[in-house]
There are 2 protein chains.
Amino acid sequence: MAIARKKAALPAGGLTPTAAATAILDVAEELAQTRGYNGFSYADIAVKLGVTKASLHYHFPSKAELGRVLIERYRIHFGAALLAIDEQARDALEKLKRYVALYSAVLSNERMCLCGMLAAEQATLPLPMREALRLFFTDNERWLTAVLDEGRQAGILRFKASTIERARVLLAQFEGAMLVARSYGEPLRFHSAASYVLADLSTREQSRPGRRS
Amino acid sequence: MAIARKKAALPAGGLTPTAAATAILDVAEELAQTRGYNGFSYADIAVKLGVTKASLHYHFPSKAELGRVLIERYRIHFGAALLAIDEQARDALEKLKRYVALYSAVLSNERMCLCGMLAAEQATLPLPMREALRLFFTDNERWLTAVLDEGRQAGILRFKASTIERARVLLAQFEGAMLVARSYGEPLRFHSAASYVLADLSTREQSRPGRRS
DNA sequence: GTCTATAACGAGATAGAC
DNA sequence: GTCTATCTCGTTATAGAC
C-alpha cells in the first residue's frame with residue numbers, strides 16, 4: 001500500500017516527499033523555528049508523530065539531510081508566497097505589507113523565521129545547509145529589490161541609496177525585529193517596528209496611530 | 001596558593017570572578033557567540049583551556065549558571081562601553097557611530113552579538129537566562145532612546161515617530177544585519193547596512209560613497 | 001514502511017583523591 | 001582548585017525482524 005508520489009517538488013538531490021516525509025518535515029520545521037537546529041532531536045519528532053526514531057531515519061537518513069531539505073522546502077514555499085503576492089497586490093506598498101504579514105504569521109505561532117533562526121547557528125551547520133540558507137536570503141533580497149524598484153518608479157516609495165542596499169537593510173530590519181520581539185514574547189514589538197519601517201518608506205503620509213492607546 | 005579576588009563585579013547571586021572563572025567565561029563567551037548556547041559543551045571549554053571538565057564544574061556548577069553569568073557579564077561590559085561612549089563622543093551621531101563600531105568589532109571576530117545569538121535559542125534557555133537577555137535589550141533600548149532624544153533636540157538627527165519606537169527599530173536593524181551578514185561571511189554587509197541607517201538618520205547629508213567601486 | 005534492539009558516542013554532572 | 005573515574009542520560013545512527 002505504497003503512498004503515491006504527489007509532486008516532485010524538491011530539487012537538488014532532494015526526496016520525493018511522501019505523506020510521511022511531509023509530516024516529518026512539518027514537525028521538524030516547527031521545532032527548528034522555535035528551538036533551533038541544535039535544540040531538537042529525532043526523538044522529539046518521533047514523539048510528536050507517535051512513531052519511532054528508526055522510522056524517521058528511513059525517510060531522512062541523517063539529520064543533516066533533514067535539515068537541508070527543510071530549508072529547501074521553506075525557500076520554495078516562501079518563493080510561492082512571494083509569487084502569490086506579486087499576482088494579487090496592486091502596488092509595491094501593498095506587496096511590502098503582505099510580505100510583512102508573512103513574517104507576522106510566523107511570529108504569531110511563537111516561531112522565528114526558519115532561516116533567521118538557522119543563521120544564528122550557522123557555524124554548527126553542515127555545509128549544504130549553509131548554502132541553502134544563503135540561497136533563501138538571496139531570494140528575499142532579489143524580490144525586495146524588485147519591489148523597491150517598482151515602488152520608487154511608481155512614486156509610491158521613497159528612499160535614499162541603491163535599491164539593493166535598501167533591500168538588504170529591510171531584510172535585516174525584519175529578521176532583527178522578529179528576533180528581539182520573540183525574546184520579549186511580544187509580537188507587538190515586531191508589528192510596530194514593521195509599521196514604522198513601511199511608513200518611513202512610503203511617500204504617502206501614513207495614518208500613524210500616535211501613542212495614545 | 002589561592003588567587004585573590006579582584007572585584008565583586010557580578011550581582012544577583014553571581015560569583016566573585018577569580019582569574020580562572022574569568023578565563024572560563026572568556027572561552028565560553030567566544031563559543032556562545034559563534035556556535036550558540038546549544039552549540040558548545042563543557043568539553044569544548046576544557047579542551048581550549050587545557051583543563052578537565054570537572055574543574056569547570058567547580059567554578060560553574062551547572063551550564064545554566066554559566067550561561068546566566070555569561071549574559072550578566074556581557075551586559076555589564078556593554079554598559080561600561082556605552083558609558084565610555086557617553087563620555088567621549090561629542091554629539092549624538094558620533095555616539096551612534098561608536099555604537100555601531102562596538103558591533104563591528106564583534107563581527108570582525110566572526111562572532112554574533114551574544115544576546116542576539118541567545119535570543120534565537122530563547123525557547124531552550126533556562127528562565128534566568130531569558131530574563132537576563134531581556135535586561136540586555138532593555139538597556140540598549142534605553143541608551144539608544146536617550147541618544148536619539150539628544151540628537152533630535154540638537155538638530156543633528158531626524159526621524160519620525162517616538163524615540164523609543166525609533167530606538168527599537170534601530171536595535172532590530174543592527175541585530176538583524178549582523179545575523180544576515182554573518183551567514184554570508186561578509187562583515188561588509190553589516191557595515192554598509194549600518195552606514196545607510198546612520199546616514200538616513202542624520203540631518204547632514206552624508207558623503208555617501210555612491211556605487212562606483 | 002515501521003518496528004525492536006542496540007551500538008557508539010557525547011552531554012552534563014558528581015564523588016572523592018590529591 | 002584541579003584531577004581521575006564514573007554515572008546517567010540523550011544523541012545520531014544502524015541491523016534486522018515483521
Side-chain angles (χ1 to χ4, degrees), chain A residues 1-6 14-28 31-32 34-70 118 121 123-129, chain B residues 1-6 14-29 31-32 34-71 118 121 123-129:
Chain A
M1 202 203 264
I3 293 158
R5 295 164 177 180
K6 295 279 179 56
L15 301 179
T16 300
T18 62
T22 301
I24 293 168
L25 287 169
D26 288 344
V27 172
L31 288 167
T34 50
R35 306 178 53 87
Y37 182 74
N38 296 322
F40 77 92
S41 70
Y42 270 46
D44 295 326
I45 304 172
V47 166
K48 286 217 185 196
L49 287 178
V51 296
T52 60
K53 292 184 288 173
S55 91
L56 302 182
H57 279 284
Y58 170 81
H59 298 281
F60 301 97
S62 72
K63 195 183 177 187
E65 174 62 7
L66 170 62
R68 193 192 59 77
V69 174
L70 208 53
L118 299 183
E121 300 175 292
T124 70
L125 301 181
L127 239 134
M129 286 184 68
Chain B
M1 202 200 263
I3 292 156
R5 294 164 177 182
K6 296 279 177 56
L15 301 181
T16 298
T18 62
T22 301
I24 293 167
L25 287 169
D26 288 344
V27 173
E29 188 172 271
L31 289 167
T34 50
R35 307 178 52 86
Y37 182 74
N38 296 321
F40 77 92
S41 70
Y42 270 44
D44 296 324
I45 304 173
V47 167
K48 287 217 183 196
L49 287 177
V51 296
T52 59
K53 289 186 294 172
S55 91
L56 302 181
H57 279 285
Y58 171 80
H59 297 281
F60 301 96
S62 73
K63 195 182 176 187
E65 174 62 7
L66 171 62
R68 193 191 60 77
V69 174
L70 208 55
I71 300 176
L118 300 183
E121 299 176 292
T124 71
L125 302 180
L127 239 134
M129 288 185 68

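What you see is a predicted model; the values in this text were computed from it and never measured. Proteins get letters first, then strands, A, B, ... in listed order; numbering begins at 1 in each.
Residues H57(B) and T52(A) each lie close to DNA chain C; by heavy-atom proximity, the contact nearer the 5' end of the strand is made by T52(A).
Proximity of S55(A) to the phosphate of dG1(C): no side-chain N or O atom is located under 4.0 Å from OP1 or OP2. Put simply, S41(A) has a side-chain N or O that comes within less than 4.0 Å of OP1 or OP2 on dT11(D). At the phosphate of dT2(C), neither OP1 nor OP2 sits under 4.0 Å from any side-chain N or O atom of Y58(A).
Atom CG in L49(B) sits roughly 14 Å away from atom C1' in dG1(D) (whole-Å rounding). Between F40(B) atom CZ and dG10(C) atom P there is a gap of 18 Å when expressed in whole angstrom units. K53(A) places its NZ atom 13 Å from the P atom of dT14(D), with the value rounded to the nearest Å. The distance from atom CG of L56(B) to atom C1' of dA11(C) is 13 Å, rounded to the nearest whole Å. Atom-to-atom, OH of Y42(A) to P of dT2(C) comes out at 14 Å; the value is rounded to the nearest Å. Atoms CG (D44(A)) and P (dT12(D)) sit 8 Å apart, rounded to a whole Å. Computed from coordinates, the H59(B) NE2 to dA13(C) P distance equals 16 Å when rounded to whole Å. Between the C1' atom of dT12(D) and the CD atom of E65(A) lies a distance of 15 Å, rounded to the nearest Å.
A donor-acceptor pair is defined here as one N or O able to donate and one able to accept, closer than 3.5 Å; no such pair exists between the side chain of Y37(B) and the backbone of T124(B). For Y42(A) (side chain) and S62(A) (main-chain N/O), a donor-acceptor pair under 3.5 Å exists by modelled atom type.
Distance check, rounded to the nearest 0.5 Å: CE of M129(B) to CG of L66(B) gives 8.0 Å.
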Run the numbers on F60(B) and L25(B) for side-chain contact (heavy atoms from CB on, under 4.5 Å), then give the verdict. CA-CA 10 Å; F60(B) 301 96; L25(B) 287 169; 3.6 Å; yes
